[in-house]
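As structure tokens, the structure follows; a few thoughts come after it.
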Amino acid sequence: MNKFIPFALPDIGDEEIEAVVACLRSGWITTGPETARFEKLFAEYLGGGVQAISVNSATAGMHLALEALGIGPGDEVIVPTLTFTATAEVVRYLGADAVLVDVEPDTLTISLEAFKAAVTPRTRAVMPVHYGGLPCKMDAIIDFARSRGIAIVEDAAHAFPAWYGGRLVGTLGSDATVFSFYANKTMTTGEGGMIVTSNPKIAERAKIMRIHGISRDVFDRFVSERPSWFYEVVAPGFKYNLTDMASALGIVQLGKAERFLARREAMAERYTRELRGLPLTLPADAPSGSRHAWHLYVVRLRPEAGIARDALIQQLSDHRIGTSVHYIPLHRHPYWKTRYGLVPEQFPVADAAYRAMVSLPMYTKMSDEDQGRVIDTLRGLLC
Ligand SMILES: *Cc1c(COP(=O)(O)O)cnc(C)c1O
């Protein structure tokens with residue numbers, strides 16, 4: 001019997017384990033010196049003078065970014081329907097409404113036309129999602145949003161590191177960009193996220209709101225000149241800080257970002273080369289000047305494949321190959337569907353993509369042999 005090939009696995013080496021153990025032995029395990037160092041290194045990696053504000057998830061980061069922008073009841077935030085629910089749920093945390101829009105057929109990123117058509121006098125922000133790690137067409141999105149006074153918060157959960165027009169995602173000139181370090185992302189801290197912004201007001205507000213609305217963070221309290229017991233609460237904040245154990249792990253993972261990306265690029269190239277000719281729509285590569293983070297490799301079954309998506313997933317599973325679907329679009333989930341009275345016909349591109357898509361396993365720890373087995377199995381099932 002073949003061994004099971006999981007859909008995703010984190011890539012944790014001895015260096016990560018040693019760094020976390022050293023943190024545990026240091027006596028400082030919550031937010032402290034490792035977290036300050038992680039933020040500094042992350043901001044330096046991106047360059048462009050951005051600030052990096054760590055949080056315990058990308059969901060928390062997107063919540064804080066929208067909060068810092070002053071989004072609240074009566075406001076509308078435009079979100080592509082083909083995303084994880086976190087992108088839209090943070091809008092509801094603040095009492096605002098998520099306006100779901102369709103995606104582009106080739107890239108599966110937010111459709112500029114759909115974005116434009118969804119704008120109302122209440123539109124306050126748009127949240128482009130760099131789907132799978134492919135950057136959205138940010139120049140056009142930013143130009144249009146700025147012309148209408150609409151803020152931009154990028155969901156870059158899949159896009160570390162990715163480049164658009166020669167610049168790293170995180171430095172493209174939006175109001176904030178949020179990365180995820182969830183276990184299956186391109187780098188991980190177990191759970192974690194990073195808000196990146198070049199707007200000092202957003203940075204300052206997010207730093208306060210991530211830790212109970214306290215105006216000096218915990219670490220500063222113990223190193224500054226003021227008495228260590230003193231702090232001031234300036235707002236009813238949240239508990240979204242990242243631990244030093246997570247940051248110690250993140251620092252080591254960050255140091256491997258280039259190696260991880262090179263491996264994913266090689267794997268994506270191999271899939272694209274060896275799956276060509278099958279009745280599949282293969283994922284779009286980044287245009288010249290841009291670079292795909294290749295968090296996901298999403299194929300779509302073409303009608304002539306003669307097999308339904310669910311059946312293909314079952315057959316791959318029978319061959320002990322794990323897959324996933326990114327995503328069941330938000331308009332199909334009971335909460336979003338009923339709250340906004342949505343039907344699939346409003347999102348023809350995302351809905352058709354959903355019905356045809358399978359995410360293939362692709363992660364740095366996956367062996368060439370295992371990838372070969374996925375390719376051979378697909379060839380067997382689709383020819
Ligand atoms: C993973 C993910 C998130 C949420 O990230 P967390 O760090 O788990 O909160 C948000 N959006 C997208 C597109 C994701 O894939």
Side-chain angles (χ1 to χ4, degrees), residues 7-10 35 38 42 52-67 77-94 98 100-101 103-104 107-110 125-136 138 152-162 169-170 174 176-196 206 210 238-243 246-247 249-250 253-254 264 283 292-298 323-333 336 350 353-354 357 359 362-363:
F7 170 68
L9 269 184
T35 302
F38 183 36
F42 199 85
I53 301 124
S54 63
V55 279
N56 58 12
S57 72
T59 308
M62 292 187 291
H63 181 195
L64 292 185
L66 293 182
E67 198 278 339
V77 177
I78 295 175
V79 174
T81 186
L82 196 66
T83 187
F84 185 56
T85 193
T87 323
E89 82 193 24
V90 297
V91 176
R92 298 289 306 127
Y93 290 180
L94 293 161
L100 301 180
V101 299
V103 295
E104 297 184 334
T107 65
L108 302 182
T109 60
I110 188 167
V126 61
M127 300 180 77
V129 177
H130 304 303
Y131 178 85
L134 177 65
C136 302
M138 289 305 294
I152 305 130
V153 174
E154 294 166 71
D155 179 340
H158 300 173
F160 185 79
V169 169
S174 65
T177 304
V178 183
F179 296 94
S180 173
F181 309 133
Y182 180 68
N184 68 5
K185 299 287 159 65
T186 56
M187 66 167 272
T188 186
T189 60
E191 299 277 2
M194 195 73 83
I195 307 167
V196 169
R210 79 175 156 180
F238 306 98
K239 185 65 164 70
Y240 283 167
N241 54 304
L242 191 67
T243 68
S247 295
L249 177 47
Q253 290 265 298
L254 179 62
R264 289 192 307 273
H292 200 311
W294 288 114
H295 168 52
L296 299 176
Y297 194 91
V298 179
T323 57
S324 192
V325 172
H326 294 89
Y327 293 91
I328 303 167
L330 298 184
H331 66 258
R332 281 183 172 248
H333 288 287
W336 299 110
Y354 159 66
M357 66 171 46
S359 301
M362 189 174 77
Y363 43 96

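We count ligands from 1, going down the list as the structure has it; atoms in each ligand are counted the same way. Note: hydrogens, waters and symmetry copies are ignored here, and every other heavy atom, side chains too, is used. The first residue in the sequence is number 1, and the count goes up from there. None of these values were measured; they are calculated from a predicted model.
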Inset, instruction - Determine yes or no for a side-chain-to-main-chain donor-acceptor pair under 3.5 angstrom, with Arg92 supplying the side chain and Ala98 the backbone. - result: no
Inset, instruction - Show which atoms of ligand 1 fall inside a sub-4.0 Å distance from at least one heavy-atom site of Thr83. - result: 13 (C)
Inset, instruction - Would you check if the side chain of Ser57 reaches a backbone N or O of Gly192 as a donor-acceptor pair within less than 3.5 Å? - result: no
Inset, instruction - Among all protein heavy atoms, pick the one closest to atom 9 (O) of ligand 1 and tell me residue, atom and distance. - result: Thr59 OG1, 2.5 Å
Inset, instruction - Show the numbers, then the answer: is there a side-chain contact (heavy atoms from CB on, under 4.5 Å) between Thr85 and Trp336? - result: CA-CA 9 Å; Thr85 193; Trp336 299 110; 3.0 Å; yes
Legend entry - Under 4.0 Å to a heavy atom of Ala58 - the qualifying atoms of ligand 1, by number: 5 (O), 6 (P), 7 (O), 9 (O)
Inset, instruction - Check ligand 1 against Thr87 and write out every atom of the ligand that is under 4.0 Å from a heavy-atom position of the residue. - result: 11 (N)
Inset, instruction - Examine the proximity of ligand 1 to Ser57 and report which part, side chain or backbone, both or neither, has a heavy atom under 4.0 Å away. - result: both
Inset, instruction - Determine whether any heavy atom of Gly192 lies closer than 4.0 Å to an atom of ligand 1. - result: yes
Inset, instruction - Measure from the side-chain N and O atoms of Tyr182 to the backbone N and O of Ala157, and report whether any donor-acceptor pair falls under 3.5 Å. - result: no
Inset, instruction - Examine Glu191 against ligand 1 and note whether any of their N/O atoms are separated by less than 3.5 Å. - result: no
Inset, instruction - Report yes if some heavy atom in the side chain of Met357 is under 4.5 Å from a heavy atom in the side chain of Leu108; otherwise report no. - result: yes
Legend entry - More than 12 heavy atoms of other groups within 6.0 Å of Tyr93 OH: yes
Legend entry - Top protein contact for atom 15 (O) of ligand 1, by heavy-atom distance: His158 NE2, 2.7 Å
Legend entry - Pairs flagged by salt bridge (Lys or Arg N to Asp or Glu O under 4.0 Å) wherever residues 57-67 is involved - sequence neighbours left out: Glu67-Arg205
Inset, instruction - Consider every N or O of Val129 and every N or O of ligand 1, then say whether any pair is closer than 3.5 Å. - result: no
Legend entry - Closest protein heavy atom (residue, atom, distance) for atom 2 (C) of ligand 1: Lys185 NZ, 2.7 Å
Legend entry - Check against side-chain contact (heavy atoms from CB on, under 4.5 Å), Val91 and Met127: CA-CA 10 Å; Val91 176; Met127 300 180 77; 4.1 Å; yes
Legend entry - For atom 11 (N) of ligand 1, closest protein heavy-atom neighbour: Asp155 OD2, 2.7 Å
Inset, instruction - Give a yes or no answer on whether the side chain of Thr177 reaches the backbone of Glu154 with a donor-acceptor pair at less than 3.5 Å. - result: no
Legend entry - 4.0 Å heavy-atom contact, His326 with ligand 1: no
Inset, instruction - Show which atoms of ligand 1 fall inside a sub-4.0 Å distance from at least one heavy-atom site of Tyr327. - result: 13 (C), 14 (C), 15 (O)
